[in-house]
Amino acid sequence: MRPQQLILALASAVLAALTVTLLLSIPLVAEIEEPWNIVVASEFLELTRLTFVVALEHALVLGLPLFLILRSMRRQVGALPCALGGFLVGAVPIGLLVLRSAIGMSSHESESIGGKDTVINGVTTLAGWIGHAQSVGFWGLLGIAGGLSFWGAMRVSGQMADAPNQSEAQSSRSLAGSWSIVFAAVLLTCAIFLLPNVVKDNSCHNLFRDRRIGINPQIYARIKLSPEDWPTLRQIFVDFSAAHSLSFRSDEQIRSGNLLWRDLTCATRRESTSMPSINRGYLKSIPCMLIET
């Protein structure tokens, strides 16, 4: 395979990974019930980048070598082989993990999902195997989408053409398609990797904004509280924060109309007067209380 063909295959594999990433990320938007803000956008972009990295690893480590093997065995690789190859790339890794997990079960372990026993005394039940098959099938379908995207990108770039002798107009279209595939792959990849760094929560509520890897709460509590008492406790935190010049934040998670959790956070401001290298107004968050209802 010539260098130009290899570059186009790499770009097509990147676009296949992008397709899978979009199929996984877009449904998450519908599940986000919180109002969109810088925090939600930043977390969504971070998750999208992580998803893309995993999809790209599958595409480059498994998908692309499989295509090169097929290409060496036959001159043309159609949509069906690409779809089947994509299914294998998506289903086989997760299938091996599921099989390893099922075999490695301890005889004392039991699991259930939705009231149905999936593992009893270390033995996977029929319901468990059905659930595993559904999971493997889901990732396999995503692999099919990636494989078809790869085939479509390669076809646009002119690498799947049947005719060995193309006209000048066809060659011009293939060249334009090739450049468009490479440009789209580079542009979208840069966007996915750079946007999480651009759209970033730099407020005091982002505890990891300065690249720290751990936090040590000074006050932390987990209690049960009735909905009627919540406004009273919240007002106590509001008054406390105002009296001590603290930043105050209140969050809650609601899914399907049900309240999952609420939390209150206070943050304190520290100003540096002795070291010019440290920015003034540096905010350090101190989680104060987590309330579950």
Side-chain angles (χ1 to χ4, degrees), residues 1-27 48-99 133-193:
M1 178 174 284
R2 296 193 301 270
Q4 180 183 355
Q5 293 176 326
L6 182 59
I7 292 175
L8 291 173
L10 286 170
S12 300
V14 170
L15 292 179
L18 285 167
T19 299
V20 174
T21 300
L22 289 176
L23 291 176
L24 286 171
S25 300
I26 290 178
T48 300
R49 180 167 61 180
L50 177 61
T51 304
F52 175 66
V53 169
V54 175
L56 188 61
E57 290 175 349
H58 282 71
L60 297 181
V61 176
L62 299 177
L64 187 58
L66 181 59
F67 168 76
L68 296 177
I69 293 174
L70 292 175
R71 191 68 179 267
S72 65
M73 297 172 58
R74 49 190 301 178
R75 179 178 178 81
Q76 299 299 328
V77 180
L80 182 58
C82 287
L84 292 177
F87 180 84
L88 293 176
V89 170
V92 170
I94 190 67
L96 293 176
L97 290 176
V98 167
L99 185 61
Q134 290 175 343
S135 177
V136 172
F138 170 77
W139 293 106
L141 289 176
L142 288 175
I144 290 176
L148 291 177
S149 299
F150 176 85
W151 174 82
M154 291 290 287
R155 187 173 180 83
V156 169
S157 65
Q159 298 302 305
M160 296 296 190
D162 295 326
N165 299 321
Q166 296 181 343
S167 65
E168 183 177 350
Q170 290 174 328
S171 299
S172 178
R173 286 196 297 269
S174 296
L175 182 60
S178 300
W179 281 108
S180 64
I181 292 299
V182 174
F183 178 77
V186 172
L187 179 64
L188 293 175
T189 300
C190 291
I192 286 183
F193 276 105

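Residue numbers start at 1 and run along the sequence shown. Fair warning: this is a prediction, and the values are worked out from it, not measured in the lab.
A distance-only check finds a donor-acceptor pair linking the side chain of R49 to the backbone of F193 [under 3.5 Å]. For the pair S72 (side chain) and I69 (backbone), a donor-acceptor distance under 3.5 Å is present.
Nearest heavy-atom pair across A83 and I144 is O-CG1, 3.6 Å. Nearest heavy atom pair, residue A59 against residue A13, reads CB-O, 3.6 Å. Across all their heavy atoms, M154 and A9 have their closest contact at SD-CA, 3.7 Å. Here the closest heavy-atom approach between residue V77 and residue C82 is recorded as CG1-SG, 3.9 Å. The shortest heavy-atom contact between A16 and G146 is CB-O, 3.1 Å.
Taking A133 as the reference, nothing meets the side chain to side chain contact (heavy atoms under 4.5 Å, CB included) condition, with sequence neighbours excluded. Scored by the ring-ring contact (aromatic ring centres under 6.0 Å, His included) test, F183 finds no partners at all (sequence neighbours excluded). The side chain to side chain donor-acceptor pair (under 3.5 Å) search around T21 returns none, not counting sequence neighbours. With sequence neighbours excluded, the residues that form a side chain to side chain contact (heavy atoms under 4.5 Å, CB included) with L88 are V92. For L22, the side chain to side chain contact (heavy atoms under 4.5 Å, CB included) criterion is met by I26, not counting sequence neighbours. Considering only residues two or more places apart in sequence or on other chains, T51 meets the side chain to side chain donor-acceptor pair (under 3.5 Å) condition with none of them.
Summarising the geometry, atom OG1 belonging to T19 is positioned 9.5 Å from atom CG belonging to L148; distances are rounded to the nearest 0.5 Å. Note: H58 NE2 to I94 CD1 = 8.0 Å, rounded to the nearest 0.5 Å. For the atom pair CG (L188) and CG (L15), the distance works out to 7.0 Å, reported to the nearest 0.5 Å.
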